[in-house]
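Read the structure below first, then the notes.
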Amino acid sequence: MLSRKDLFKDTLRKAAHAWKRIVELRLTEEEASLLRQYVDQPGYVDLHWGMFVPAIKGQGTEEQQKKWLPLAYKFQIIGCYAQTELGHGSNVQGLETTATFDPKTDGFVIHSPTLTSSKWWPGGLGKASTHAVVYARLITEGKDYGIHGFIVQLRSLEDHSPLPGVTLGDIGGKFGSGAYNSMDNGVLRFDHVRIPRDQMLMRLSQVTREGKYVNSDVPKQLLYGTMVYVRQSIVADASKALSRAVCIAVRYSAIRKQFGSQDGGPETQVLNYRTQQSRLFPLLASAYAFRFVGDWLNWLYTDVTQKLEAKDYSTLQEAHACTAGLKAVTTSATADAIEECRKLCGGHGYLNSSGLPELFAVYVPACTYEGDNVVLLLQVARILMKTVSQLTSGKQPVGTMAYMGKVQHLMQSKCAVKTAEDWLNPAFIQEAFEARALRMAVNCAQNIGQAANQEEGFYERSPDLLESAVAHIQLIIVTKFIEKVQQDIPGHGVKEQLQNLCNVYALYILHKHLGDFLATGCITPKQGALANEQLGKLYAQVRPNAVALVDAFNYTDHYLGSVLGRYDGNVYPALYEEAWKDPLNETVVPEGYHEYLHPLLKQQLKLSRL
């Protein structure tokens, strides 16, 4: 209900209060991070901690970190991450902002040479940030050395006014009522702004006092660590957002009753309809699947970090492909699933008070930020094609690509499923998904090989390559779910329920992408039909525990923010009460009645004479 100005001020108020509590309670960095999650409203703090600080940690020298990080940690400066421009987003190498070294002043001149070089979208930039890590083309001795990061002060630390040569502001309202409108996404232009040479982030490369460009001994692969961390957190956020939407839809579907009344008896719970189950239970299973693969990614980040410190870069490419692909697949699936949950709640799901429209609006940018999903999947596809090309050389694939080492077996294997129950065997599921992913990748590689040149073939086959990348990532999610279920899980009956959800997820993906499995000969049409038959049986097994499975997320009513997803199920009184809170109901007779409605009803509208 708040105006944009009031919403932004509300965000500032909450962020300041959270920081006050963090200081008062002397929270650790990890504890403070958890507390900030409860603000649950996008704001400048997200970019300060999530992008600005990690950029200095990852790309700054020890001296730079000692200078800038204490200021950032105490909020004596507020930072953002100024990379995306009006004319370039995913194509980072196409950025136009320049940073030209001037040996006379021993500094860089930051400049926006064109309108399209304006920085556009960085969160926190519009109104809050005092500093930014600005990405620009480094030019020294007349040569362009490509994109590098620079710490640039944007606003005065005394009165917050823009510094000379800096033009900046907010880019305007965005999708939804509240959603990301609490964030001051900004526009920024530089007019020959000078900064000292030591404000170039110099961990990976430096410019000397004389203007010589020098690469450092630090390997560029270290940047992968930050990338894995950021994408791991995005996958974890996907699980949280999806589980919130599913929690609302499952609870409301258990309360809502429609049709099915016999002899004046009660109507049927919507959750008991197979059409509702077949749309909703796969989303419930996906929420669990994304949670487990997110937990695994957390482990992967630790593993990658340790290997980087030991100068072992053998798994980096595979880790990049894995995290990029999981970011793309989980965010796209989650955005679609939140909208599906809104539809599953019928007309009431369209009300803001359901919590679903705002959840969708605040979540859907995840499909674009930190890498457009299509671009990321094409990066995964490139690595898949490279891996396929190396199979004949005897080089064994590692990590999540290790299954490709079984190329001879998987290219010829026949699915052994004979009954619907056979689809409950994790070995059969695993092999079907491995064969599908490998065969799609090999088919793409063969088709690219027939083109005049590799790049042209990649371009022509890019839609197929996208599907190949998705197949690889879905295999990873299924594999991690199976591995989780095979662990020792405490609690009576918990393992059985997780097994059901694991099978629902796998067979739902198989059903949804049945064309892939059939076209590659991984399964027969009969086996596809048996999988669908088993899926129906699994829905019946999930139904008695569906509400308990969303209660297990342990979300408070306050956190869910939904009258439909209330824990006590008291939906209709809450809907009725919420309606009266709307500002439109502050007066019985609406404003504008005397000017417009009354003259209309009394036939007293003044008509112009034509």
Side-chain angles (χ1 to χ4, degrees), residues 3-13 15-16 41-56 68 71-72 75-89 92 94-100 107-138 147-175 180-196 199-201 365 368-370:
S3 69
R4 180 86 201 284
K5 282 186 176 180
D6 289 339
L7 181 63
F8 179 66
K9 189 174 180 181
D10 183 58
T11 309
L12 297 182
R13 179 177 65 87
Q41 188 167 305
Y44 70 89
V45 174
D46 304 347
L47 281 300
H48 177 85
W49 292 111
M51 299 297 289
F52 181 72
V53 168
I56 295 173
W68 295 102
L71 298 173
F75 266 127
Q76 290 174 298
I77 61 174
I78 297 169
C80 65
Y81 188 86
Q83 177 174 295
T84 299
E85 295 178 355
L86 188 57
H88 289 88
V92 177
L95 296 179
E96 298 175 87
T97 303
T98 56
T100 307
F108 289 96
V109 179
I110 311 295
H111 185 58
S112 307
T114 62
L115 179 66
T116 50
S117 68
S118 307
K119 295 298 178 184
W120 190 274
W121 276 114
L125 170 63
K127 296 294 172 184
S129 294
T130 61
H131 289 67
V133 171
V134 175
Y135 287 87
R137 312 193 75 81
L138 191 160
I147 307 303
H148 291 71
F150 302 83
I151 299 173
V152 184
Q153 184 173 347
L154 307 175
R155 291 181 169 97
S156 163
L157 293 176
E158 299 304 320
D159 62 7
H160 211 60
S161 59
L163 295 186
V166 175
T167 302
L168 74 175
D170 188 273
I171 61 172
K174 298 167 288 273
F175 190 57
Y180 247 84
N181 287 299
S182 57
M183 179 74 82
D184 54 327
N185 297 93
V187 53
L188 168 66
R189 286 182 61 74
F190 296 104
D191 184 2
H192 300 91
V193 173
R194 292 184 176 272
I195 63 168
Q199 284 179 218
M200 169 189 170
L201 291 174
T368 311
Y369 64 56
E370 283 309 299

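All values below come from the heavy atoms of this structure, side chains included, with hydrogens, waters and symmetry mates left out.
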With rounding to the nearest 0.5 angstrom, report the [atom1] to [atom2] distance, [X] to [Y].
X      : Y      : atom1 : atom2 : value
Leu125 : Leu168 : CG    : CG    : 5.5 Å
Thr116 : His88  : OG1   : NE2   : 7.0 Å
Tyr44  : Cys80  : OH    : SG    : 13.0 Å
Phe8   : Asn181 : CZ    : CG    : 12.0 Å
Lys119 : Thr84  : NZ    : OG1   : 7.5 Å
Ser182 : Leu12  : OG    : CG    : 10.0 Å

Measuring only between side-chain heavy atoms, which start at C-beta, is [X] closer than 4.5 Å to [Y]?
X      : Y      : value
Thr100 : His111 : no
Leu47  : Met183 : yes
Asp191 : Thr167 : no

Shortest non-hydrogen contact from [X] toward [Y]:
X      : Y      : value
Ile195 : Ile151 : CD1-O, 4.0 Å
Gly149 : Val133 : CA-CG1, 4.4 Å
Leu157 : Gln76  : CD2-O, 4.0 Å
Ala55  : Leu201 : O-CD1, 4.1 Å
Ala128 : Ile78  : O-CD1, 3.9 Å
Ala72  : His48  : O-NE2, 2.9 Å

For Glu370, all residues meeting side chain to side chain donor-acceptor pair (under 3.5 Å), sequence neighbours excluded: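 Glu370 satisfies side chain to side chain donor-acceptor pair (under 3.5 Å) with no residue once adjacent residues are dropped.
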Partners meeting side chain to side chain donor-acceptor pair (under 3.5 Å) with Asp170 (sequence neighbours left out):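 Only Arg4 meet the side chain to side chain donor-acceptor pair (under 3.5 Å) criterion with Asp170.
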Verdict with supporting geometry, Leu188 and Leu154, side-chain contact (heavy atoms from CB on, under 4.5 Å): CA-CA 9 Å; Leu188 168 66; Leu154 307 175; 4.0 Å; yes
Parallel, tilted or perpendicular, as decided by the 30° and 60° cut-offs, for the rings of Trp49 and Phe75: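 If you compare the ring of Phe75 with that of Trp49, the planes turn out perpendicular.
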Glu158 (side chain) donor-acceptor with His160 (main chain) under 3.5 angstrom: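 No, the answer is negative, given that no donor and acceptor are paired below the 3.5 Å cut-off.
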Any donor-acceptor pair under 3.5 Å from Ser112 side chain to Thr97 backbone: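 No.
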Pairing of Arg13 and Asp10 as salt bridge, 4.0 angstrom limit: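 Yes, charged N to carboxylate O under 4.0 Å.
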Ile147: partners by side-chain contact (heavy atoms from CB on, under 4.5 Å), with sequence neighbours left out: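 Once residues adjacent in sequence are excluded, the partners of Ile147 under the side-chain contact (heavy atoms from CB on, under 4.5 Å) criterion are Val92, Gln93, Leu95, Tyr135, Arg137.
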Polar side chain donor-acceptor pair, Glu96 to Thr114, under 3.5 angstrom: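 Glu96 vs Thr114: donor-acceptor pair found between side chains.
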Residue pair Ser156, Ser161: steps toward the side-chain contact (heavy atoms from CB on, under 4.5 Å) verdict: CA-CA 5 Å; Ser156 163; Ser161 59; 3.9 Å; yes
Candidates Phe52, Phe150, Tyr81, Trp68 - the one meeting ring-ring contact (aromatic ring centres under 6.0 Å, His included) with His131: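 So, applying the ring-ring contact (aromatic ring centres under 6.0 Å, His included) to His131 and each of Phe52, Phe150, Tyr81, Trp68, only Trp68 qualifies.
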